[in-house]
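Chain identifiers are assigned alphabetically (A, B, ...) following the order of the sequence lines, protein sequences preceding nucleic acid strands; residue numbering begins at 1 within each chain. Since we're looking at a predicted model, the values are computed, not measured.
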2 protein chains.
Amino acid sequence: MSKTEHNPAYGEHDRDFSVMFAALGDPTRLAIFDRLADGKPRSISVLSDDADMTRQAVTKHLRVLETAGLVQSHKVGRESQYAFCPEQLAEARAYLDQVAGRWESALMRLKTFVEGDQD
Amino acid sequence: MSKTEHNPAYGEHDRDFSVMFAALGDPTRLAIFDRLADGKPRSISVLSDDADMTRQAVTKHLRVLETAGLVQSHKVGRESQYAFCPEQLAEARAYLDQVAGRWESALMRLKTFVEGDQD
DNA sequence: ACATTATGCAACCTCCTTGTTGCATTTAAT
DNA sequence: ATTAAATGCAACAAGGAGGTTGCATAATGT
């Protein structure tokens with residue numbers, strides 16, 4: 001699996017979804033992402049308040065989420081507000097739907113084959 | 001965010017989806033998962049053949065996927081076959097749909113509020 | 001002006017992840 | 001019976017992830 005040339009991980013669509021999944025693959029980050037899904041942007045301080053870790057740790061998590069394109073930040077005054085970003089989520093959903101679809105049709109083919117076998 | 005008591009990451013549904021996302025959050029594992037979506041079970045050797053890493057590494061990845069419930073294994077003869085497992089995928093999709101839904105309705109509420117403001 | 005709040009940066013630590021290698025074991029093939 | 005194939009287990013190493021602390025800086029509040 002040479003990540004340089006044709007990596008089956010990228011399948012038909014040439015994207016690395018593993019980056020996004022990795023971003024969601026940490027409970028703290030998933031909690032932040034989940035929380036921001038109400039659309040309200042929040043500052044780092046606010047997001048750190050009820051976290052049982054330092055503000056710096058939360059900052060790092062937010063950067064990971066932002067790199068993955070799951071949230072966006074913009075500075076307003078002295079604070080940086082982080083907001084939900086739906087595009088990547090949509091792509092993740094589309095990808096999982098596609099995988100599920102492939103599996104479904106594989107099932108169908110098998111079913112048809114077996115039924116045809118009985119006739 | 002004490003993982004022991006009420007962690008916002010688990011939201012309304014008390015599951016830790018971050019485990020599943022973490023499993024998909026590695027390019028090699030995502031590639032394997034993607035590949036198995038055609039429904040055909042494959043042995044470790046087969047899955048290792050076109051991977052640019054050792055069989056042991058692939059074995060570890062498969063165990064991670066299995067722990068996350070994304071694949072299932074069963075021994076047949078001397079080899080262990082790994083097969084796609086759709087349930088967890090369905091749950092992941094449902095979760096992401098729910099998050100997207102929350103964001104959508106937040107958008108709607110905002111839109112209604114703004115429109116009502118103009119009247 | 002001065003204190004406070006919100007953040008950024010950098011160094012550091014620890015542990016888990018990812019990958020390796022070597023050897024043992026079980027099963028199949030000849 | 002021997003050989004080859006498929007796997008499991010354990011020890012190991014390197015690097016990255018997740019977290020901390022200390023200090024510097026920019027923007028607000030009084």
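As a whole-Å value, the separation of B/H74 NE2 from D/dA6 P is 16 Å. The nearest whole Å value for the distance from the CG atom in A/D26 to the P atom in D/dG19 is 6 Å. Look at CD1 on A/I44: it is 8 Å from C1' on C/dA6, rounded to the nearest Å. One can place CG of A/L47 at 13 Å from C1' of C/dT7, the figure rounded to the nearest angstrom. Atoms CG (A/L62) and C1' (D/dG18) sit 14 Å apart, rounded to a whole Å. Distance A/D52 CG to D/dT20 P: 8 Å, rounded to the nearest Å. The CD-C1' distance, from A/E66 to C/dG8, rounds to 14 Å in whole Å. If you measure from atom CG of A/L24 to atom C1' of D/dA17, you get 16 Å, rounded to the nearest angstrom.
Using modelled atom types, one side-chain atom of A/E66 and one backbone atom of A/S73 make a donor-acceptor pair closer than 3.5 Å. Side-chain atoms of B/R102 come within 3.5 Å of backbone atoms of A/D34 as a donor-acceptor pair (strictly under, hydrogens ignored).
Between the side chains of B/Q81 and B/S43, no donor-acceptor pair is found at a separation under 3.5 Å.
A close approach under 4.0 Å does not occur between any side-chain nitrogen or oxygen of A/R78 and OP1 or OP2 of C/dG8. Between A/S73 and C/dT7 there is no side-chain N or O to OP1 or OP2 distance below 4.0 Å. Of the side-chain N and O atoms in B/R63, one or more sit less than 4.0 angstrom from OP1 or OP2 of D/dG8. Applying the 4.0 Å criterion to OP1 and OP2 of D/dA17, one finds that A/H61 has every side-chain N and O outside that range. Considering only side-chain N and O atoms, A/T54 lies nowhere under 4.0 angstrom from the phosphate OP1 or OP2 of D/dG19. Of the side-chain N and O atoms in A/S80, one or more sit less than 4.0 angstrom from OP1 or OP2 of C/dG8. Using a 4.0 Å cut-off, no side-chain N or O of B/R55 falls inside it from OP1 or OP2 of D/dG8.
Between the side chain of B/Q56 and the base of D/dG8, at least one donor-acceptor pair of N or O atoms lies under 3.5 Å.
Each of C/dG19, D/dG8, D/dG18 was ranked by its minimum atom distance to the side chain of A/K60; first place goes to D/dG18. Among the nucleotides D/dT7, C/dT20, C/dT7, the one closest to any side-chain atom of B/A57 is C/dT20.
Summary of the strand contacts: A/V46 and B/A22 both lie near DNA chain C, and taking for each the nucleotide with the nearest heavy atom, the more 5' one is attributed to A/V46. Along DNA chain D, the nucleotide closest to A/G25 and the one closest to A/E79 are compared, and the more 5′ of them pairs with A/G25.
At least one side-chain heavy atom of B/F33 sits under 4.5 Å from a side-chain heavy atom of A/V99. Side-chain contact between B/V71 and B/Q88: absent, with no pair of heavy atoms (C-beta onward) separated by less than 4.5 Å.
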